[in-house]
2 protein chains.
Amino acid sequence: MQNPESPKYQQQKLAAIRAAAAVFARKGFHGASTTDIASEMGIKQGSLYYYFKSKEEALAEVCLYGIREYVQRMEEIATSEQPFEARLLATVTSHLSSYREKNEALKVHNDERLYLPEIKRIKLKQLGSHYRELLEGIFEDGVRDGALREGLDCHFAAQSVIGICNAWGELIVRDNELDVFEVIQKVNDLLLNGFVPPKATA
Amino acid sequence: MQNPESPKYQQQKLAAIRAAAAVFARKGFHGASTTDIASEMGIKQGSLYYYFKSKEEALAEVCLYGIREYVQRMEEIATSEQPFEARLLATVTSHLSSYREKNEALKVHNDERLYLPEIKRIKLKQLGSHYRELLEGIFEDGVRDGALREGLDCHFAAQSVIGICNAWGELIVRDNELDVFEVIQKVNDLLLNGFVPPKATA
DNA sequence: TAATGATTCTATGAATCTATAGAATAGCGG
DNA sequence: CCGCTATTCTATAGATTCATAGAATCATTA
């Protein structure tokens with residue numbers, strides 16, 4: 001076994017997670033074979049089990065890899081001292097940037113995590129809920145500050161923003177000609193200015 | 001064979017499409033077996049091939065079933081004489097209502113169509129693009145009328161609205177405790193009023 | 001160089017899955 | 001009731017898949 005958690009092992013394990021992410025993103029969990037994943041990282045099918053106990057464990061690790069950092073970053077944003085508006089923009093930027101950096105893993109988390117057994121889904125669900133609640137808190141602050149209109153359904157708003165970001169993120173992953181920064185800018189613009197013209201302000 | 005396209009055949013074929021939709025929605029295309037689909041409609045695995053030439057053809061029919069009506073309805077909305085605002089609201093209502101009525105098929109169309117061979121995907125892609133273009137047209141009218149702010153990126157806006165509706169639609173399908181009409185109302189509210197307060201108007 | 005442990009390979013068992021073929025049943029018209 | 005067709009069933013071939021076991025190779029260190 002890999003007792004010393006040697007650097008080589010760590011490195012190859014990361015390569016394995018990335019390979020699995022790429023293949024799962026392309027073919028889906030059930031459509032991807034262990035042969036596919038192995039050949040993506042240049043080894044043979046049987047060798048893959050040196051890094052994953054099972055195909056399902058590979059999926060679990062990819063999902064966790066996909067969402068972990070992204071929640072951490074959200075934690076930092078939410079607890080920062082910046083005003084509402086800046087935190088909202090930072091959220092969108094972080095969310096969409098995550099899609100660019102580790103795009104396949106995040107896509108896999110969104111689309112394939114439901115195929116994990118319930119026990120393994122719980123941790124991911126907690127992370128996801130945590131993320132949403134942090135964003136909800138930002139909106140609540142916005143309402144308190146008067147930056148957002150009274151009575152806004154913050155739960156709904158947070159869920160919607162996540163929905164927009166994921167929708168665009170999926171498009172970014174699928175069609176990698178999209179300019180991520182342009183998308184970020186336009187989503188931010190949409191959230192702050194809406195569709196209707198700012199009738200009475202500058 | 002089913003030469004006269006007998007009513008019973010039609011009826012069972014529809015049942016087959018619905019069963020396939022339900023199973024594909026739950027397990028994904030590759031995760032669903034023909035045994036699953038057959039037993040969902042109360043017949044045996046082999047009998048399924050009386051209705052579908054192949055599993056892949058079943059997917060194609062489910063996807064088409066999922067999106068067809070929904071585009072037709074959009075066509076009617078887009079070409080109606082109503083003002084911009086009413087057409088936008090009607091679009092959201094139609095989109096989300098579709099999710100309630102034939103929710104599994106629409107979910108399958110969104111999530112699994114990429115597993116179809118390219119030839120079969122083309123027709124679906126055309127339908128989807130057509131839908132987006134119609135919505136884009138509505139936004140363009142809105143800009144022309146002054147209901148929307150000058151310089152709004154209508155392509156981006158349309159794509160974003162579709163993204164929001166799909167995100168909520170997926171939630172509706174997954175968690176069927178959600179009140180569809182409440183979601184419709186809130187999405188409409190979001191689109192018209194945005195997050196920020198309507199500073200100078202009523 | 002020899003030895004030890006890490007990493008990869010080959011080979012394979014057992015299960016599952018799609019699709020086909022032909023037999024069986026059901027239902028309808030005469 | 002008979003015959004015909006539509007519909008469903010059973011059985012199976014052939015391919016693919018996941019996971020395991022044990023052999024082989026590579027790298028490092030003594």
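Here is the naming used below: chain letters follow the sequence lines, and residue numbers restart at 1 for every chain.
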### Query
For B:Lys53 and C:dA19, is the shortest distance between a side-chain N/O and OP1 or OP2 below 4.0 Å?
no
### Query
Are any of A:Ser47's side-chain N or O atoms less than 4.0 Å away from OP1 or OP2 of C:dC9?
yes
### Message
On the six-membered ring of A:Tyr99, is A:Lys107 placed so that its NZ or CZ lies under 6.0 angstrom from the centre and within 45° of the ring axis?
### Response
no
### Rounded interatomic separation in angstrom, taking NE2 from B:His30 and C1' from D:dT17
13 Å
### Task
Describe the nucleic acid contact of A:Ala38 in one word from base, sugar-phosphate, nothing, applying a heavy-atom distance below 4.0 Å.
nothing
### Task
Measure from CG on B:Leu59 to C1' on C:dT18 and round the result to the nearest Å.
15 Å
### Summary
A:Lys27 NZ to D:dC18 C1', in whole Å, measures 16 Å
### Query
Under 4.0 Å: is that the gap between some side-chain N or O of B:Thr34 and OP1 or OP2 of C:dT18?
yes
### Task
Tell me what B:Phe52 touches on the nucleic acid: a base, only sugar-phosphate, or nothing, going by heavy atoms under 4.0 Å.
nothing
### Query
Do we see a donor-acceptor contact under 3.5 Å between the side chains of A:Tyr70 and A:His109?
no
### Task
Can you figure out which of D:dA19, D:dT7, C:dT18 approaches the side chain of B:Tyr49 most closely?
C:dT18
### Task
Look at B:Tyr50 and D:dT8 and indicate whether a side-chain polar atom (N or O) is within less than 4.0 Å of OP1 or OP2.
no
### Message
Which nucleotide wins on minimum distance to the side chain of A:Tyr9, given the candidates D:dC18, C:dT7, D:dC9?
### Response
C:dT7
### Pair A:His130-A:Glu75, side-chain donor/acceptor within less than 3.5 Å
yes
#### Entry: Touch class at under 4.0 angstrom, heavy-atom based, for A:Gln45 against every strand present
base
### Task
Take B:Gln45 and B:Thr34, measure what side chain to side chain donor-acceptor pair (under 3.5 Å) needs, and give me the verdict at the end.
CA-CA 6 Å; B:Gln45 187 261 341; B:Thr34 51; 3.1 Å; yes
### A:Ile43 backbone acceptor or donor facing A:Ser47 side chain under 3.5 Å
no
### Query
Side chain of B:Ser33: nearest nucleotide among D:dC9, C:dT18, C:dT7?
C:dT18
#### Entry: Among D:dT8, C:dA19, D:dT10, the nucleotide that comes nearest once only the side chain of B:Gln12 is considered
D:dT8
### Summary
Taken to the nearest whole Å, CG/A:Leu48 to P/C:dT8 is 10 Å
### Task
From the options C:dT7, C:dA19, C:dT10, select the nucleotide whose nearest atom is closest to the side chain of B:Lys55.
C:dA19
### Message
Counting the atoms with a prime plus P, OP1 and OP2 as sugar-phosphate, which does B:Ala32 contact under 4.0 Å by heavy atoms, base, sugar-phosphate, or nothing?
### Response
sugar-phosphate
